[in-house]
Structure formats: structure tokens, C-alpha cells
Protein chains: 2
Amino acid sequence: MNFQQLRIIRETIRQKFNLTEAAAALYTSQSGVSKHIKDLEDELGVQLFVRKGKRLLGLTEPGQALSSIVDRMLIDADNIKRLSADFTSTNEGELIIATTHTQARYVLPPIVARFKQAFPKVHLILQQASPVEIAELVSHGEADIGIATESLTGYPQLVSFPYYRWEHSLIVPQGHQLSQQKTITLSDLANWPLITYHGGFTGRSKIDETFRQAKLTPDVVMSALDADVIKTYVELGMGVGIVASIAFDPERDRRLQQIETSLFGENVTLLAVRRNHVLRGFAYKFIELCNSELDIKVVREAALSEVA
Amino acid sequence: MNFQQLRIIRETIRQKFNLTEAAAALYTSQSGVSKHIKDLEDELGVQLFVRKGKRLLGLTEPGQALSSIVDRMLIDADNIKRLSADFTSTNEGELIIATTHTQARYVLPPIVARFKQAFPKVHLILQQASPVEIAELVSHGEADIGIATESLTGYPQLVSFPYYRWEHSLIVPQGHQLSQQKTITLSDLANWPLITYHGGFTGRSKIDETFRQAKLTPDVVMSALDADVIKTYVELGMGVGIVASIAFDPERDRRLQQIETSLFGENVTLLAVRRNHVLRGFAYKFIELCNSELDIKVVREAALSEVA
DNA sequence: GATGCTTACGATACCCGTAAAGATA
DNA sequence: TATCTTTACGGGTATCGTAAGCATC
């Protein structure tokens, strides 16, 4: 058994059992691919692929059982290389953060600034996406770190960590009737047209849930992907905004007024990395800049779960 | 990077950085070992070992970081071989169960009988040991399955499953005063000389804890490793026995009487396997015979945690 | 001087790619 | 017939072990 054989097994599966394409993907000859598979099967004494004559059609039962282990071994081989690179490295490279508007616009700027100062040679890419897309991006290795409030749990390939906690607050035009009220109840709100986030974004699920439990039907006249859009329409008087507290900036948003409220409970923004994968050192530093409790040891060990 | 290099790294660490012994353990030349290490270090661009002149003294920081990953890769390589062997196999091989007296004597016999019937060619070894020893045996791969009521949690290298639940009961000579009483309290018991298990065996900790919480000091006149010894001395009138309920056999123990009691609460006997390790198919079958909820899928997936 | 690591070197085995042949759609 | 896989074969390379040289204790 050698690594080339394992790579060939993995690639053959990825290329839907077409040895010619597997060979092309690995920049090698297809005769070699064929022979390697045969050799490995002989060594293990098991057929890994279902064959019909000379064509490969799929995985046998042992093939399936081995496939996931093969994957992990190749991931580990990569991990070893990445770890080593990190020790030699001059802190150069690329870091891809997949995140939502809310984070990119209101939370990350100071962190990015500090990161850039510490690692000027790292090419930092902020990839804006929806929470579901973020989970997918990180799962497939197209992003190193994902940050979002929704959707990051429930993916077995991801390991997530609490980043920070926050609440929603209300945004109204200056002098709005609600800003005079001492206390605001959910039923009060249900009487106003509301503008808030789209489903699946920035804690919208929590808002819906809160109304649902109170057996109220909110009048959401408009939903947007980000607080900037929401605030624009609140300024136009189209309704009362519900946004993340952090999205209000008294300096810029002078024509608006923020009303703190705990009506919708607490949200937790999560930070996710790919399970079983090692990141470059500066990636862990970025996470630590986000939340100092998440140091390299905590994050890496959790991601590698129990290597023993 | 190849497997021989990884094996050499692991063995060198195991042999306390003596390349000569590492070579001997791997049945290869020590010059080859030396070269392999050098080659791998060159390929990764990192020193893995701390050197003083020509001698190796220990692991560098990158060496430590890589070591655990290397271990897992080699474990996975083994897993692949074991899985394959299992598919070709004619259900021959060896199965080592590390367990306590209580299990071996009172619980496992019917299971062993059924197992032997199903897998006549498997050489089954019941290795009797203390709970702590059992955990060690399984951790080090010297046993495939560990069964005990104590000590099996808290080892990161082990994955444990609840096997069955049971309680302690009292054992007294026929006609003993306690057997006339309607109800028996803890303070009643504290007035009698007691005979029960040694510390760390068969729920003894639970017994101690129960007395401690009731602020009573039991008069344990004798402690033994197994119920047979305890029963012998109870027969001699030396005291009241506290043993696992299953350890009483009305047929054999005619001169004794069992008194069911829930004074000491419930105990859970656990079944443990080594994390990240695949077992032979018949080993999973043994576990399934113990508890039908623990089928191969449940146990293997839990042991491999998330291979993704 | 004994033990332990590295380097040099030759034999062997392994891996790869070309090419031809056979199978499948 | 076009696509795909297997087998055969030759060149190149990597690996292994012996042996010699050198450092450490």
C-alpha cells in the first residue's frame, strides 16, 4: 500500500470510476492507474470496485468501507504538509474567510485591520455569502473559516465555535412613536409594518420563532439581506427595522434611532472550520483575534477531534 | 512521503530516539532508517528531531505536532488491512476480551456459548483483570474489547458503550435476622459487619458513596475481588454480603439468601473499544450478542468518530 | 573502546509511461 | 468505430543492505 494507490482510489471514485479521467486528474498514465488498483486489490485480497467485464461501475461493500478511511489518510497527509509548511513559512499565503454581510460590514473590520498588521504578506479574501453557502464553502475546502449566525451547525464535516453573542434591536426614524414608549411589547410591534432580514440570515429564524411562540403574526413588509438596505427603507418611513444591535452606528445613522430590546433573545454568531483539517498558523491567529478564548490549541484539537 | 518513513518516525519515537533499535524493531537496516528520516525532513523542510551532533535526543515542536497525525495515519493503514481481512476472512482469528470476574463468571457464559457456536474457528481469550488494567489493556491494543463497571470512562483513547444496568443486593445466611425485616435501611446495614468488593471493583465506589452521602460509616470487615469469595465468608457467618444481584444463584447458593434492595442505586456495566480502531467483524458480533442495540454500525461509527 | 549515526555504493525491486491487444458501448 | 481497460515490456528511479567512516559517550 502506498500513497499513490490511495490517491488513485480516491480520484477514481471522484471521477465516477473512469480510469482515464482519474489518470488525467493525477497527471499520470491510465495504465499505471489500472495497475495500481489491481495491485492494491491483490495486496488487500479484496475487490474494491464493482466491474462489468473491463468497466468499473462502482464500489463494492469493502470498497465503500475503505473509501472513508482512505479519505482521512489523504487528508492527514495534507495536514502533515500544511503543518510543516507552517513551521518553515514566512507567514505568506492565502486566507479565505466566508462570511455574511453583517460580519463583514460591522464586526470584522477592526479584526481584519489587526490581522493585516500582524501578517502583511497574507492575502486575505473575504468571501461574502449566505449562511448555507458559507457552510458549503468551508465543507468543500473552498474557504478556510466560515463565520455566520445560522446554518453552521448540523454539518458533520464542520466544527464550530461560539464567536460572540448579540441581540436584535429596533431601528426607527427619529421621533417615531415607538421611541416615546417606555416599554415595547411584541404585540406592540405586531401592529407596525416591519423590515428585517431575509429568512436564513442574521437571526431571522429567532425573530420568527419569537413571534410564533407568542402566537402573533408580524407584518413583515420587506426583508433584505443586510442591515444597510433595511436602514435605508426605515429612513423612508416604510416600517420599523429589526436589525442586529451592532449594525447601528449613531454617527452615520443620524436620521435613525436605535431602541434596545431583549424581545428576541440572544443570538450566537459561530465560527466554523473543516473537521479533520489543519489550517495554516495565521488562520488560527485570525480566529484568536476574533475571540481570544479560541486559541490555536483549542481550535486545532477540536477540529482534529481525538487523534489520541 | 511514504509509509515506511511514517513507520520509522513512529518507531524512532517509541524506541526513545535510538535509530539502531528502531531499525531492529522494523526488521530493516539502521542506515535505511537514518536516510528515511533525513529524506522526510528534507521533503517537509522541517527538522523533526532534536539532535546533538549525531545523536537524536527528542522531538522538535513540528515533530510533536506531526507525531499524533502520523500515528493516526498508521492506525488507519491498519484499519484498512483489518477491514479487508474481514471481508475475505473465513471468520478465523483471535478475539481478546478483557473483563472482570463478575462478568466472566456470571454474565458472559451464555454469550460466549452463543459466540462459539456462531464462530467456532475464532480463538476466544477471556483475560481477567481489574477495571484499571482492563482500560490499559484495551488502550494499548492488547485486548479488543473491555468490559467492566468502573474505570472505562475518562480514557480518551477508549470509546465506551452502556452494556447493561444492574443493582447490588444483600446476601445473608439462611434465616439471618435481616431476612425477617420488612424493610432494610442504610443505618440498619451500618450496624452489621459487611463483606463486599474491593475498591475499584464492581460498583464498590457506588456503595462507598451511598454510605458517605448518608453520613454513615459502614463496618466493612472484609473486601474481596469477586462474589465467590464474598459468598464463602458470608456462609461462614462473618458478615452480610453486598454483591451484584446477578452473582446470586439460588441453585448453587442454597445456604444463602438474597435480599433485593435498591439502597445503592443503579450501576452501569460498560463495554469499551479502542478509539479510531477497526475491529474484526466477529468482534462486533460479540458486542452485538452482549447488547443487541450495539450493532456493528453503531459501534464502528462511534469508534471512528467522524471520518466524514 | 563501545555505541550510535551518517555517507557511499552496488544490487534489487518498484514505479512509470509507451505501445499493443482486448473488451465494451 | 470510438472509448475504455488490461497486459506486456523497457527505462528510470527509489529502496535496501553492506560496509566504511565519523561522532558521541
Side-chain angles (χ1 to χ4, degrees), chain A residues 1-60 62-63 66-67 70 73-74 77 80-81, chain B residues 1-60 62-63 66-67 70 73-74 77 80-81:
Chain A
M1 173 161 53
N2 60 47
F3 283 106
Q4 180 69 342
Q5 289 168 344
L6 300 185
R7 274 191 293 269
I8 285 172
I9 297 296
R10 180 175 67 176
E11 200 57 41
T12 301
I13 297 168
R14 285 188 179 167
Q15 302 295 340
K16 309 216 172 119
F17 313 104
N18 182 324
L19 298 194
T20 308
E21 303 212 1
L26 295 172
Y27 304 102
T28 184
S29 71
Q30 138 246 48
S31 78
V33 168
S34 179
K35 184 157 196 322
H36 265 312
I37 290 177
K38 195 176 179 320
D39 287 349
L40 184 60
E41 287 184 329
D42 287 349
E43 179 183 340
L44 298 177
V46 209
Q47 288 253 114
L48 299 178
F49 294 98
V50 174
R51 291 173 170 78
K52 184 179 178 188
K54 284 195 172 181
R55 302 289 169 107
L56 306 199
L57 297 179
L59 286 168
T60 61
L66 293 202
S67 163
V70 168
M73 293 179 77
L74 292 172
I80 282 185
K81 283 172 194 159
Chain B
M1 173 161 52
N2 60 48
F3 283 105
Q4 180 70 341
Q5 288 169 344
L6 300 184
R7 274 191 294 269
I8 285 173
I9 296 297
R10 179 175 66 176
E11 200 58 41
T12 301
I13 297 169
R14 285 189 179 166
Q15 301 295 340
K16 307 208 173 130
F17 313 103
N18 183 324
L19 298 195
T20 309
E21 303 212 2
L26 294 173
Y27 304 104
T28 184
S29 71
Q30 147 245 38
S31 78
V33 167
S34 179
K35 185 157 194 322
H36 264 313
I37 290 177
K38 195 175 179 321
D39 287 349
L40 184 60
E41 288 184 329
D42 287 349
E43 178 183 341
L44 298 177
V46 209
Q47 287 253 115
L48 299 178
F49 293 99
V50 175
R51 291 173 169 79
K52 185 180 179 186
K54 284 195 174 183
R55 301 287 168 111
L56 305 200
L57 296 179
L59 285 168
T60 61
L66 294 202
S67 164
V70 168
M73 293 179 78
L74 291 171
I80 282 185
K81 283 172 195 157

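First the proteins, then the strands, lettered A, B, ... as listed; each starts at 1. Values in this document were obtained by computation on a predicted structure and should not be read as measured data. Values reported hereafter were calculated over all heavy atoms of this structure, with side chains retained and with hydrogens, waters and symmetry mates removed.
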Does OP1 or OP2 of [N] have a side-chain N or O of [X] closer than 4.0 Å?
X: B/Gln4; N: D/dC16; value: yes
X: B/Ser34; N: C/dT6; value: yes
X: B/His36; N: D/dC16; value: yes
X: A/Arg51; N: C/dT24; value: no
X: B/Asn2; N: D/dA14; value: no

[X] [atom1] to [N] [atom2]: how many Å, rounded?
X: B/Leu56; N: D/dA23; atom1: CG; atom2: C1'; result: 13 Å
X: A/Leu40; N: C/dC15; atom1: CG; atom2: C1'; result: 15 Å
X: B/Leu19; N: D/dG17; atom1: CG; atom2: P; result: 15 Å
X: B/Gln15; N: C/dG4; atom1: CD; atom2: P; result: 12 Å
X: A/Lys38; N: C/dC16; atom1: NZ; atom2: P; result: 16 Å
X: B/Phe17; N: D/dC25; atom1: CZ; atom2: P; result: 15 Å
X: B/Lys52; N: D/dC22; atom1: NZ; atom2: C1'; result: 17 Å
X: B/Phe3; N: D/dT15; atom1: CZ; atom2: C1'; result: 17 Å

Determine yes or no for a side-chain-to-main-chain donor-acceptor pair under 3.5 angstrom, with B/Thr60 supplying the side chain and B/Val50 the backbone. no

Where the side chain of B/Glu11 meets the backbone of B/Ala22, is there a donor-acceptor pair that is under 3.5 Å apart? no

Walking DNA chain C from its 5' end, the first of A/Thr28 and A/Gly53 to be reached, judged by nearest nucleotide, is A/Thr28

Residue met sooner reading DNA chain C from 5', once A/Lys54 and A/Ser31 are mapped to nucleotides: A/Ser31

Out of D/dC25, D/dT15, C/dA23, which has the shortest distance to the side chain of A/Arg55?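 Of the options given, the side chain of A/Arg55 lies nearest C/dA23.
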
Nearest to the side chain of B/Thr20, which nucleotide is it out of D/dT7, C/dC5, D/dC4?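 In terms of side-chain proximity for B/Thr20, the closest of D/dT7, C/dC5, D/dC4 is C/dC5.
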
Given that B/Asp39 and B/Gln30 both sit by DNA chain D, which one's nearest nucleotide is further toward the 5' end?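 Between the two, 5'-proximity favours B/Asp39.
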
In short, B/Phe49 meets B/Ile13 closest at the heavy-atom pair CE2-CG1, 4.2 Å

Tell me which pairs pass salt bridge (charged side-chain N to carboxylate O under 4.0 Å, His left out) where either residue lies in residues 48-58 of chain A, with sequence neighbours left out. A/Glu41-A/Arg51

Residues A/Ile80, B/Val70; criterion side-chain contact (heavy atoms from CB on, under 4.5 Å); working and verdict: CA-CA 8 Å; A/Ile80 282 185; B/Val70 168; 3.8 Å; yes

